[in-house]
Amino acid sequence: MNIHQTFRQHVLAAIDGLAAAGRLPADMDLARVGVEPPREAGHGDLSTNAAMLLAKPAKMKPRDIAEMLVEPLRALDAVADASVAGPGFINLTLAPGVWHECLAAILEAGTAYGNSDMGGGAPVNVEYVSANPTGPLHVAHARGAVTGDALANLLAKAGYAVTTEYYINDAGAQVDALARSAHLRYREALGDEIGEIPEGLYPGDYMVPVGEALAAEGGDAWRDAPEAEWLERFRDRAIEMMMETVRADLAALGVEQKVFTSERGLVDAGAVDAVFEILEGRGLIYTGVLEPPKGKKPDDWEPRPQTLFKATDFGDDVDRPMKKSDGSWTYFANDIAYHYDKYQRGFTTMIDIFGADHGGYVKRMKAAVAAMSDGGADLDIKLCQMVHLKKGGEPMRMSKRAGNFVTLRDLIDEVGKDVVRFIMLTRKNDSQMEFDLDKVVEQTRDNPVFYVQYAHARCRSVLRAAAELFGGPVSAADLAGADLAALDDPSELELIKRMAEWPRAVEAAAEAHEPHRVAYYLHDLAESFHALWNKGKDDVRLRFIHEDDDGLTRARLALVQGVALVIASGLEVFGVTPVEELR
RNA sequence: GCGCCCGUAGCUCAAUUGGAUAGAGCGUCUGACUACGGAUCAGGAGGUUGGGGGUUCGAGUCCUCCCGGGCGCGCCA
């Protein structure tokens with residue numbers, strides 16, 4: 001049961017009634033009519049903007065429409081009070097029974113509460129991380145990994161058929177450099193003195209095991225052989241081992257993508273040629289000479305003709321090259337083929353999670369998707385801005401080139417998987433964020449993970465105490481049948497109202513592709529619960545367990561169980577395990 | 001020089017996608033708490049939403065011009 005949807009239907013019915021009576025024009029566009037909780041709690045439980053939206057098409061004053069509309073709404077049994085306020089808002093206060101029914105529905109649904117059919121089973125592809133297979137994941141990848149994973153969970157909860165995906169960039173010059181790095185480490189494993197790792201190669205220690213593995217597998221067969229004889233083998237083996245590392249890093253974060261697509265695989269299968277022909281067939285490919293970027297002319301700039309895609313036809317600033325001067329495909333061309341591959345697999349909605357350094361890539365990729373699908377596919381790109389790590393009040397610097405970056409694994413070892421996941425989701429993806437390693441493991445209100453987990457632990461604690469009292473665990477289904485009318489304190493009703501907002505929060509966050517909103521929802525819910533808890537400290541009558549009153553206790557337990565379920569439901573979206581108790 | 005993102009309380013960030021008096025946490029000031037589990041709760045102070053103009057019933061949100069910060073800018077991926 002979604003209370004906002006239910007009352008939206010009531011509002012639409014009221015409009016229809018007035019239209020039928022000739023008091024409002026018929027056939028007005030009602031798509032934007034909404035029912036929301038008002039920002040200000042004093043304005044009631046629900047609010048609709050209907051009168052203000054209808055004012056223009058009806059050629060009437062918003063307040064006049066509101067006055068007409070409020071009558072049938074006031075007459076509803078579920079409505080305790082209805083009023084017109086401000087420029088034409090209609091505010092509704094609901095009867096307590098509505099909230100009691102709502103709580104019963106939550107208990108029956110369990111953590112499935114908040115599930116929506118908004119997506120209607122439509123396929124969505126979420127691609128994230130897609131780090132080059134040239135080393136372990138670092139902190140910047142963590143944000144993308146968590147954002148993508150939570151977004152995928154969120155969309156699934158909102159009723160989409162989600163496929164999670166990782167694009168392996170195993171075709172460029174960077175993997176040849178990886179192969180050469182592996183060869184050095186291989187020689188090192190055989191006892192050669194290799195000195196400093198040259199500029200342009202990968203100096204990290206993580207290459208040592210790769211060299212050792214190759215030495216163990218092939219002996220010294222490629223020690224002095226020309227590069228052409230070993231490059232391919234070393235490259236493939238190194239990529240394989242790097243991807244094992246990547247998968248293990250992701251697994252440690254609780255991320256497990258369903259599909260891994262190889263760039264090299266697509267190129268070898270001719271996918272790039274195929275999509276190139278499609279674009280060419282649409283007249284979107286030509287040979288031309290690009291202008292140098294103004295004010296930042298590269299030293300070695302010389303104009304030369306290139307094979308270009310008409311990205312400007314689709315909103316990009318300049319046309320983009322498809323081929324390098326040696327005739328091979330650019331990364332961009334390969335990426336078009338990859339997105340075309342997704343499109344052919346049935347995905348008309350795609351979401352890519354990129355790092356901030358790919359900001360300049362967004363327009364051209366969207367242009368390419370629009371072009372290759374002839375407008376049939378939609379691509380949303382979420383850019384994750386940088387994460388500034390802090391520890392002991394000092395910033396922690398990372399530098400992938402130097403090979404001494406802060407790895408994802410370091411971060412997880414330091415604070416734990418659940419903390420990394422939750423904290424990374426407490427900020428909108430396009431804002432830079434600060435991640436204070438000291439703060440996030442503190443058990444204080446300042447730490448949002450703790451604050452939410454503590455609320456859940458408190459709920460579980462009450463339920464454990466109750467189980468002892470009743471001589472066995474009390475099931476949610478059992479509690480749904482309790483007489484909930486005993487829940488009549490304003491702070492109890494306030495708590496149920498918060499829970500009733502969960503389905504709407506899921507839909508809004510899913511629609512906007514913004515999982516971070518769930519973190520704020522959970523924080524607010526936890527806050528309401530902690531507030532009620534403390535009232536029970538002051539006022540014994542508000543405590544949850546009353547040994548001399550089974551009926552009241554069961555109603556209160558239903559409330560507590562409801563909070564625990566909704567928190568668990570939210571944490572499930574984040575891939576965070578709700579804790580039973582805090583040590 | 002161009003493009004994208006950001007700019008909101010001293011600090012870190014929200015704001016139901018155009019809604020009502022812009023909200024939280026930290027910090028600061030005042031109170032409550034020998035217990036269903038202590039790390040919590042109640043309240044005060046703190047704002048010209050970087051600045052100017054515009055759109056309309058209504059702007060932190062949309063348009064425009066400045067200012068400041070980040071990222072990027074033809075054969076790197």
Side-chain angles (χ1 to χ4, degrees), chain A residues 4 32 34 36-40 42-43 47 49 52 55-56 61-63 85-89 91 130 132 134 169 171-175 263 289-298 301-304 306 308 316-318 320-321 323-328 330-332 334-335 355-363 383 385-386 426-428 430-434 436 439 442-448 450-451 454 457-458 460-466 469 501 504-505 508-509 511-512 514 516-517 519-521 523-524 527 530-538 543-545 556 560 581-582:
Chain A
H4 305 95
R32 287 185 59 226
E36 305 170 343
R39 288 195 176 185
E40 199 72 36
H43 290 135
S47 176
N49 58 356
M52 277 142 15
K56 196 165 280 182
K61 289 181 186 167
R63 290 212 47 128
F89 287 101
N91 293 327
S130 300
N132 287 342
T134 53
N169 298 136
Q174 85 281 3
V175 288
E263 179 185 3
V289 181
L290 289 175
E291 294 287 314
K294 287 193 172 68
K296 199 219 168 228
K297 193 170 176 176
W301 177 275
E302 30 177 298
R304 50 171 72 101
Q306 289 177 294
L308 300 170
D316 201 357
D317 309 311
V318 289
R320 305 292 178 175
K323 284 182 180 177
K324 302 178 191 172
S325 56
D326 67 359
S328 66
T330 57
Y331 178 78
F332 177 52
N334 292 356
D335 216 0
D357 55 342
H358 284 63
Y361 200 65
V362 172
K363 276 192 182 180
L383 289 179
Q385 290 295 332
M386 292 196 294
T426 54
R427 298 289 178 252
K428 202 162 42 186
D430 48 14
S431 293
Q432 296 188 14
M433 72 177 292
E434 193 171 276
D436 188 326
K439 195 181 270 184
E442 276 175 15
Q443 299 201 337
T444 71
R445 179 166 190 168
D446 191 21
N447 176 2
F450 165 76
Y451 191 69
Y454 186 37
R458 274 181 155 173
R460 301 304 305 169
S461 164
V462 172
L463 292 166
R464 278 194 302 273
L469 181 67
E501 285 168 25
R504 185 170 181 279
E511 192 164 24
E514 289 183 354
H516 78 279
R517 294 185 187 203
Y520 284 88
Y521 171 79
H523 185 272
D524 288 348
E527 186 173 49
H530 286 308
L532 177 60
W533 180 287
N534 267 68
K535 281 198 173 182
K537 281 184 171 180
D538 296 339
R543 294 198 176 187
F544 300 117
I545 295 175
R556 297 266 167 87
V560 171
E581 52 190 332
L582 294 160

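A, B, ... follow the sequence lines: proteins, then strands. Residue 1 opens every chain.
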[X] (side chain) and [N] (base): donor-acceptor pair under 3.5 Å:
X	N	result
R517(A)	U17(B)	yes
S47(A)	A20(B)	yes
Y454(A)	A39(B)	yes
N91(A)	A20(B)	yes

Categorize [X] for me: base, sugar-phosphate, or nothing, with a 4.0 angstrom heavy-atom threshold over every strand shown.
X	answer
F544(A)	base
D538(A)	sugar-phosphate
R464(A)	base
G172(A)	sugar-phosphate
T330(A)	nothing
A505(A)	nothing

Revision key, fill the gap. Which of U12(B), U56(B), U17(B) is nearest the side chain of R504(A)? It is U17(B)

Check your understanding: Hey, which of these two, K323(A) or R543(A), hits RNA chain B nearer its 5' end, going by closest nucleotide?
Key -> R543(A)

Exercise for review: Check whether any side-chain N or O of K363(A) sits under 4.0 Å from OP1 or OP2 of C4(B), and answer yes or no.
Suggested key: yes

Check your understanding: So does R32(A) get a side-chain nitrogen or oxygen closer than 4.0 Å to the phosphate oxygens (OP1/OP2) of U17(B)?
Key -> no

Check your understanding: In terms of the angle between their ring planes, are F450(A) and Y454(A) parallel, tilted or perpendicular, with boundaries placed at 30° and 60°?
Key -> parallel

Check your understanding: Crowded around Q174(A) CD? As in, over 12 foreign heavy atoms under 6.0 Å?
Key -> yes

Revision key, fill the gap. In terms of heavy-atom contacts, G355(A) and L383(A) come closest through O-CD2, 3.5 Å

**Study point:** Backbone of G34(A) reached by a side-chain donor or acceptor of N49(A) within 3.5 Å
**Key:** yes

